[in-house]
Structures are given as C-alpha cells and as structure tokens.
Number of protein chains: 2
Amino acid sequence: MAELDSPAEAGLVAQWRELLARHAAAACTLDRELGDRFGLGMSEFEVLERLVEGCAANGAHALRVSDLAPTVHLSQSALSRLIARLEKAGLVTRAMCESDRRGIVLTLTDAGRERYEQARPLHREVLELTLGGEPAKGCEVPSG
Amino acid sequence: MAELDSPAEAGLVAQWRELLARHAAAACTLDRELGDRFGLGMSEFEVLERLVEGCAANGAHALRVSDLAPTVHLSQSALSRLIARLEKAGLVTRAMCESDRRGIVLTLTDAGRERYEQARPLHREVLELTLGGEPAKGCEVPSG
DNA sequence: TTGCATTGAATGCACACGCATGTACTGTCC
DNA sequence: GGACAGTACATGCGTGTGCATTCAATGCAA
C-alpha cells in the first residue's frame, strides 16, 4: 500500500529538503536582522539592490516596476505593496513612465541608497554564515 | 561611495539568488498544485510525510509535535495552527501525550494516509520539474 | 475615429505567518 | 510539601502574501 520512492525520487526529496533548510535559515535570519537593524525585509533589500544595480546599466537609480517584477519572487500585488512601503519610508520615488503612462518608474532616493549601503554588509554577513558553511541549520544571529 | 562586492561575496550572492529562484519555483508550484488538487499546502504535505516516515520508526503513525517541530521550518505557532487545520480536515488526530501531559501526540488517520499517498506522485513530479532541470525559473504547471 | 482585447499597476479580501503572551504541566531546589 | 524556572502547546494581534478584481492606458482593427 505504501510504495517507496525510487532512488531518483529519494535523491530529489533530499535535495529539496536541503534547499528548504538553507532557504529557511537564510531567509529567516535576513528578515529578522535586516528588520531589526534597518527596518528592511529581505525582499525590500532585494528591490533596493536591483535599483542600485540598475544604476550601473542606465546611470540613474531608476527601473520600471514591470522590469523589476521578474527578478523578485513575489506576486504583482505583493511587489506593488512592497514598493508602497519603500516609498512611504522615503527610500524610493514612484513616478509615471513617460513612454508608457501605465507604467511606474522607480527612483532610488539618496536615503534609499544610503540605507542599502548600510545594510549590505549585514546582508553579506548573514549569507556567509547561513550559506557559507555546509550544515544549514537554525536561525542564528551573526553578531552582537 | 559604492564599494563593490569581493569575488567571494559576489559568488555568495549568486548562490543565494539561485537558491531563491529554485525555492520560489518549487514552493510556489507545490503550494498551488497541491492546494488545487488535494487541499494541501506545501507544509501540510511535509507534515503528513513526516508522520508517514515516523511509521517506519515506531510502527504507528504517531509523533510528538515537539519532535516534528525541528523538521518543519515554521514557527511554533504556525505549526500549531497547521496541525489544527489538518485535524479539522480529518487527516490527523491530536491526543495528549501520556508520559508528558504538556505534549501532544499526532496520529495520522486513514484519510490522512490516503491523502498523502494520493498527493505524493504530484509532489514528486513538481520536484522533478522544478529541481531536476538546471534553469529553475517560473511557476509552471506540471501537467494537465 | 470608435471598439475591443491586452497590459501595468492598485486594491478588496481571505488567509498563513511570526511575535508576544497565556495556560498547563514538568522538574528542581528549598 | 511549596515556590519557581523551564518546557509544550494554544491564541490574540499585526502584518505580508496571493488571488481575483478593478481602473487606466496602450495597441490594433474595423
């Protein structure tokens, strides 16, 4: 009645559980640490980072929301609200896109840029701690 | 003003983004497919699976909630409510633990066992599609 | 031009989550 | 025995999420 997984399936499940553990450890720690120290969620930081990277491409800290969407693993509605939060916090500015007035262009403010620069070391540190080693367990705090 | 990541940091970030993409693809698809076809969330399935595995260990589909907790990447409160949902759906039974009356022993019902067996092929199929290949993008539906 | 399907983004709603707290029970130390 | 810290689980609360829907703007066709 209870069929066993084939070896291939068992390997896939093991891989999945490893991925779940790593993701949980990193995401949980990132959310808590970035939230406590910089008022940013994991995805908020991710969006700021994309805006900073967008700078290298077009010279301005600006991106269409529709261009941002595929890179952040959130629903359209969640992204919309996340941007609203960032705007409320004064980290980004929403402006109508001139070439397509349905679209919204995000601009990183100086405060947004600064917040990102401040948060980045902690972000990298958490990744180092949760992904660098092999164990991938728990939700440890990187430093006092 | 904008310091670049060291090569080590850049690699870590790349690894993190890859992990995020894989996790999002698999988790999103699992939740939607298992939800649509079996009324189960990803974590609900995971809990049923641990109960089934627990069978091999002690002969009964029973586990302490406190033993289950470390294997599921949820807060204690989220797990408590998840179990309440499973119980409401008739898939598990909650009983007081005799040796430690603070504890709760979960028992898989026949319906729970059956639901798990029905859902498992789809679960494995989704993992195969989202983790098996290298791309790790999007939220595709495994089959009609 | 008008009409209509499509796209980009915002919003109502239900729901699952984490944090903080509450309640019940255990073990220890006096 | 009684007091007390610690553990196991449940629950109130605020919040972030996805789905479905809505509204505005675009592109295309008649």
Side-chain angles (χ1 to χ4, degrees), chain A residues 20 23-25 27-36 39-47 62-89 92-106 138-139 141, chain B residues 20 23-36 39-47 62-89 92-107 138-139 141:
Chain A
L20 277 177
H23 177 270
C28 166
T29 309
L30 277 178
D31 253 333
R32 210 154 31 74
E33 292 298 312
L34 290 177
D36 286 352
L40 293 174
M42 188 183 80
S43 296
E44 266 105 339
F45 179 87
E46 217 73 37
V47 166
L63 268 185
R64 285 281 303 270
V65 172
S66 51
D67 295 331
L68 191 61
T71 74
V72 183
H73 305 289
L74 286 176
S75 68
Q76 181 268 319
S77 65
L79 178 56
S80 177
R81 285 185 239 259
L82 189 156
I83 291 168
R85 266 175 267 142
L86 290 179
E87 186 184 34
K88 195 173 192 176
V92 306
T93 301
R94 271 195 278 209
M96 200 182 61
C97 178
E98 296 180 4
S99 59
D100 182 346
R101 296 170 55 192
R102 292 168 301 183
I104 296 288
V105 175
L106 291 185
C139 271
V141 177
Chain B
L20 278 177
H23 177 271
C28 166
T29 309
L30 276 177
D31 253 334
R32 209 153 32 75
E33 292 298 312
L34 290 176
D36 286 352
L40 293 173
M42 188 182 80
S43 296
E44 267 105 338
F45 179 88
E46 218 73 36
V47 166
L63 268 186
R64 284 283 301 271
V65 172
S66 50
D67 295 331
L68 190 61
T71 72
V72 182
H73 306 289
L74 285 176
S75 69
Q76 181 268 318
S77 65
L79 179 56
S80 177
R81 285 184 238 260
L82 189 155
I83 291 168
R85 265 175 267 143
L86 290 178
E87 186 184 36
K88 195 173 192 175
V92 306
T93 300
R94 270 196 278 208
M96 200 182 61
C97 177
E98 296 180 5
S99 60
D100 183 346
R101 295 169 57 192
R102 293 169 300 183
I104 296 288
V105 174
L106 292 185
T107 307
C139 270
V141 177

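A note on names: the letters A, B, ... follow the listed sequences, proteins ahead of strands, and every chain is numbered from 1.
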Throw together a table of side-chain donor-acceptor distances under 3.5 angstrom for residues 77-86 of chain A, partners on residues two or more places apart or in other chains.
{"residue": "A/Ser77", "atom": "OG", "partner": "A/Ser75", "partner atom": "OG", "Å": "3.2"}
{"residue": "A/Arg85", "atom": "NH1", "partner": "A/Glu44", "partner atom": "OE2", "Å": "2.8"}

Could you tell me, to 10°, how much the axis swings from one end of the helix from C/dT1-D/dA30 to C/dC30-D/dG1 to the other, five pairs per end?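 Its terminal axes enclose an angle near 0°.
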Taking all atoms of both residues into account, what is the closest heavy-atom pair of [X] and [Y], and its distance?
| X | Y | value |
| --- | --- | --- |
| B/Glu98 | B/Arg101 | O-CG, 4.1 Å |
| A/Leu34 | A/Gly41 | CD1-O, 4.3 Å |
| A/Thr71 | A/Leu68 | OG1-O, 2.8 Å |

Below 4.0 Å: OP1/OP2 of D/dA8 and any side-chain N or O of B/Ser80: no
From [X] atom [atom1] to [Y] atom [atom2], the distance as rounded to the nearest 0.5 Å:
| X | Y | atom1 | atom2 | value |
| --- | --- | --- | --- | --- |
| A/Glu33 | A/Leu40 | CD | CG | 12.5 Å |
| A/His73 | A/Glu46 | NE2 | CD | 8.0 Å |
| B/Leu63 | B/Cys97 | CG | SG | 11.5 Å |

Among residues 82-89 of chain B, which ones have heavy-atom contacts with DNA chain C below 4.0 Å?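 Contacts with DNA chain C under 4.0 Å: B/Arg85.
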Set of side chain to side chain donor-acceptor pair (under 3.5 Å) partners for B/Arg94, sequence neighbours left out: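 Once residues adjacent in sequence are excluded, the partners of B/Arg94 under the side chain to side chain donor-acceptor pair (under 3.5 Å) criterion are B/Glu87.
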Spacing of A/Glu46 atom CD relative to D/dG16 atom C1', expressed in whole Å: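 That distance rounds to 16 Å.
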Using atom CG of B/Leu68 as one end and atom C1' of D/dA8 as the other, report the distance to the nearest whole Å. 13 Å
With side-chain contact (heavy atoms from CB on, under 4.5 Å) as the criterion, how do A/Leu20 and B/Met42 come out once you've worked through the C-alpha distance, each side chain's angles and the decisive distance to 0.1 Å? CA-CA 11 Å; A/Leu20 277 177; B/Met42 188 182 80; 4.1 Å; yes
Listed pairs, N/O of protein and of nucleotides 18-26 of chain D, under 3.5 Å:
{"residue": "D/dG18", "atom": "OP2", "partner": "A/Ser75", "partner atom": "N", "Å": "2.8"}
{"residue": "D/dG18", "atom": "OP2", "partner": "A/Ser75", "partner atom": "OG", "Å": "2.6"}
{"residue": "D/dG18", "atom": "N7", "partner": "A/Ser77", "partner atom": "OG", "Å": "3.1"}
{"residue": "D/dG18", "atom": "O6", "partner": "A/Arg81", "partner atom": "NH2", "Å": "2.8"}
{"residue": "D/dC19", "atom": "N4", "partner": "A/Ser77", "partner atom": "OG", "Å": "2.9"}
{"residue": "D/dT26", "atom": "OP1", "partner": "A/Arg101", "partner atom": "N", "Å": "3.3"}

Quick check for you: name the first and last nucleotides of DNA chain C, 5' to 3', having an atom under 4.0 Å from a heavy atom of chain B. C/dA16 to C/dT26
